[in-house]
Amino acid sequence: MDSHAAGSSSGGSGDGGAPRRNSRKPKYSKFTQQELPACKPILTPKWVISVFVLVGVIFVPIGIASLQASRNVVEIVDRYDDVCVPDNVTDKLAYIQNSTIPKTCTRTLTVTKDMKQPIFVYYQLDNFYQNHRRYVKSRNDAQLRDASKANDTSNCDPETTVDGKPIVPCGLIAWSLFNDTYTFVRNNKNLTVNKKDISWKSDRDHKFGSNVFPKNFQKGALIGGKALDPTIPLSQQEDLIVWMRTAALPTFRKLYGRIYVDLKANDTITVHLENNYNTYSFGGKKKLVLSTSTWLGGKNDFLGLAYLTVGGLCFFLAFAFTLLYLIKPRKLGDNNYLSWNRSPAGR
């Protein structure tokens with residue numbers, strides 16, 4: 001009985017034939033054993049030090065050039081939300097919500113350095129969370145593209161209809177459109193702000209229809225922001241298109257227009273603005289920004305500092321490894337013992 005059981009276990013079917021192989025070892029191949037031809041460099045101290053030096057040599061000049069380009073940008077930033085409220089006003093929220101009170105304000109800016117055209121005009125908002133989930137979702141892209149979808153206000157809560165009629169464009173994003181305005185004067189001459197092509201071309205061509213016109217917009221009891229001209233299609237309402245591309249961070253700038261006039265150092269710019277947009281209800285800030293640009297774009301030191309940091313770290317590591325290699329060298333092993341250098345004989 002015991003011999004029969006043993007025979008059944010080792011022989012499988014018990015027919016007296018050759019014993020069945022119980023091993024689960026896969027059939028050998030270079031693919032499954034990861035032995036296909038490949039680049040497998042040996043990281044010797046000389047190689048590691050050389051790579052760190054090479055990265056440092058590349059990154060540090062890029063960082064210096066990027067930082068220099070950023071420092072060449074001339075930028076004027078003027079916060080006006082706090083100073084464009086009369087001194088005798090104690091309730092700023094009531095002031096900004098009262099449409100019968102004029103909101104005109106005059107600011108004077110001094111050019112610190114020569115500014116070559118084009119000069120970009122931005123408005124900057126602080127503590128405004130355009131990335132809030134409910135805010136971002138409150139729009140209907142099909143309605144913005146297609147006139148036949150004008151009645152489609154799904155996802156636009158709470159700005160969907162007025163007196164039972166659909167709002168075009170619907171949603172909180174469009175409803176809260178920035179509505180401050182700026183006029184610039186230098187030497188008693190107006191500086192024209194060109195607002196053409198301030199939005200992305202892809203947005204104008206594909207996301208906003210040329211046959212879609214505003215309807216019932218800002219006609220509700222509570223006005224959120226700027227009103228739109230009902231005779232101009234959405235594809236040409238570039239202020240709206242710029243605003244509808246929501247920002248990822250609570251502090252952001254959006255392009256207002258461009259000035260195609262060179263400004264000289266010590267020039268005085270008088271700005272007549274309408275302080276209409278309500279940032280007082282959520283503790284926000286409003287700033288007017290005039291800026292030039294370089295091959296790198298606007299003023300941003302982060303990229304240059306990042307390259308300099310990585311390059312400097314690589315130089316430091318190369319120096320440290322060099323000292324370690326010279327002071328306390330370690331004998332390398334025989335490369336012939338590496339698995340990919342051994343013969344696969346016997347498999």
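- Two residues are said to be in side-chain contact when any heavy atoms from C-beta on lie closer than 4.5 Å; I223 and S99 fail this criterion.
- Side-chain contact annotation: E238 with S199, donor-acceptor N/O pair under 3.5 Å present.
- Note: I269 CD1 to R107 CZ = 14.0 Å, rounded to the nearest 0.5 Å.
- Figure legend: K254 and Y123 shown without cation-pi pairing, the cationic atom not lying both under 6.0 angstrom from the six-membered ring centre and within 45 degrees of its axis.
- With hydrogens and angles ignored, the 3.5 Å screen pairs a side-chain donor or acceptor of N127 with a backbone N or O of F282.
- Distance OG1/T160 to CG/N155: 11.5 Å, rounded to 0.5 Å.
- For the pair D157 and R134, the salt-bridge criterion is not met [side-chain N within less than 4.0 Å of a carboxylate O].
- Although no hydrogens or angles enter the test, the distance criterion places no donor-acceptor pair under 3.5 Å between the side chain of K92 and the main chain of V85.
- Looking only at side-chain heavy atoms (C-beta outward), L172 and P158 come within less than 4.5 Å of each other.
- Under the 3.5 Å distance criterion, the side-chain polar atoms of Q130 are left unmatched by any main-chain donor or acceptor of T246.
- Side-chain atoms of R245 never come within 3.5 Å of backbone atoms of W200 as a donor-acceptor pair (strictly under, hydrogens ignored).
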Legend entry - Verdict with reasoning, W175 to I167, per side chain to side chain contact (heavy atoms under 4.5 Å, CB included): CA-CA 10 Å; W175 174 81; I167 299 174; over 6 Å; no
Inset, instruction - Check the pair L308, I64 against side chain to side chain contact (heavy atoms under 4.5 Å, CB included), reporting the backbone distance first and the verdict last. - result: CA-CA 7 Å; L308 285 176; I64 294 174; 3.7 Å; yes
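- The cluster map of Ile, Leu, Val, Met, Phe, Trp and Tyr, joined by side-chain heavy atoms under 4.5 Å apart, puts V193 and Y80 in the same cluster.
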Inset, instruction - Would you check, one step at a time, whether the test side chain to side chain contact (heavy atoms under 4.5 Å, CB included) holds for V261 with I119? - result: CA-CA 7 Å; V261 175; I119 298 170; 6.0 Å; no
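- Of the possible donor and acceptor atoms, one in the side chain of D262 sits under 3.5 Å from a partner among the backbone N and O of Q117.
- Hydrophobic clustering (side-chain heavy atoms under 4.5 Å, transitive across Ile, Leu, Val, Met, Phe, Trp, Tyr) groups L240 together with V162.
- With hydrogens and angles ignored, the 3.5 Å screen pairs a side-chain donor or acceptor of Y256 with a backbone N or O of Y182.
- At least one side-chain heavy atom of T268 sits less than 4.5 Å from a side-chain heavy atom of T108.
- Side-chain atoms of S138 never come within 3.5 Å of backbone atoms of I173 as a donor-acceptor pair (strictly under, hydrogens ignored).
- The two atoms that bring S210 and P233 nearest to each other are O-CB, 3.2 Å, heavy atoms only.
- Residues F319 and F321 do not share a hydrophobic cluster, clusters being chains of Ile/Leu/Val/Met/Phe/Trp/Tyr side chains in contact below 4.5 Å.
- Nearest heavy-atom pair, F217 versus A174, reported as atom, atom and distance to 0.1 Å: CZ-O, 3.1 Å.
- The closest side-chain heavy-atom distance from L288 to V121 is below 4.5 Å.
- In this structure, Q237 and P214 have side chains that are in contact, with non-hydrogen atoms separated by less than 4.5 Å.
- Put simply, CD on E75 and CZ on F120 are 12.5 Å apart, with the number rounded to the nearest 0.5 Å.
- Inspection of the N140 and S154 side chains reveals an N or O donor paired with an N or O acceptor under 3.5 Å.
- Inter-residue side-chain proximity for F302 and S66 is flagged as unmet; no heavy-atom pair is nearer than 4.5 Å.
- Residue K226 is tested with D180, N276, T181, D239 for a side chain to side chain donor-acceptor pair (under 3.5 Å); the sole match is D239.
- Using modelled atom types, one side-chain atom of Q143 and one backbone atom of C170 make a donor-acceptor pair closer than 3.5 Å.
- Between the side chains of S176 and Y135, at least one donor N or O sits under 3.5 Å from an acceptor N or O.
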Inset, instruction - Dump the intermediate steps for side chain to side chain contact (heavy atoms under 4.5 Å, CB included) on R79 and K285, then the final yes or no. - result: CA-CA 7 Å; R79 179 184 174 186; K285 300 176 183 178; 3.6 Å; yes
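- K116 has no carboxylate O lying under 4.0 Å from a charged side-chain N of D114, or vice versa, which leaves the two without a salt bridge.
- The minimum heavy-atom distance linking G284 with D81 is given by the pair O-OD2, 3.8 Å.
- Side chains of N278 and L93 form a contact here, defined as non-hydrogen atoms less than 4.5 Å apart.
- Using a 4.5 Å cut-off between side-chain heavy atoms of Ile, Leu, Val, Met, Phe, Trp and Tyr, with links allowed through other members, F178 and L255 fall into different hydrophobic clusters.
- Taking a 6.0 Å sphere around CG of D163, one finds it holds 12 or fewer heavy atoms contributed by other residues, nucleotides or ligands.
- For the residue pair T161 and P166, the shortest heavy atom distance occurs at CG2-CA, 4.0 Å.
- Residue Y260 qualifies as enclosed at atom OH: its count of foreign heavy atoms under 6.0 Å is above 12.
- When side chains are defined from C-beta on, P250 does not count as touching F128, because their heavy atoms never get closer than 4.5 Å.
- Here the shortest heavy-atom pairing between N190 and V185 reads OD1-CG2, 3.1 Å.
- Checked options R186, K113, K189; the residue passing with D267 is R186 (criterion: salt bridge (charged side-chain N to carboxylate O under 4.0 Å, His left out)).
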Legend entry - Verdict with reasoning, F208 to W243, per ring-ring contact (aromatic ring centres under 6.0 Å, His included): CA-CA 13 Å; F208 294 83; W243 181 258; over 10 Å; no
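- Remark: I76 CD1 to T292 OG1 distance equals 9.5 Å, nearest 0.5 Å.
- A single hydrophobic cluster is not seen to contain both V73 and V289; linkage of ILVMFWY side chains at heavy-atom distances under 4.5 Å, directly or through other members, places them apart.
- Across all non-hydrogen atoms, the minimal contact from V57 to F315 is N-CZ, 3.6 Å.
- Remark: N211 CG to D146 CG distance equals 6.5 Å, nearest 0.5 Å.
- Side-chain atoms of R258 come within 3.5 Å of backbone N or O of K196 as a donor-acceptor pair.
- Taking the centre and axis of the six-membered ring of Y95, the NZ or CZ atom of K103 falls inside the cone set by 45° and 6.0 Å.
- Among pairs with a residue in residues 305-327, none fulfils side chain to side chain donor-acceptor pair (under 3.5 Å), at least two apart in sequence or across chains.
- A distance of 6.0 Å separates NZ in K299 from CZ in R71, rounded to the nearest 0.5 Å.
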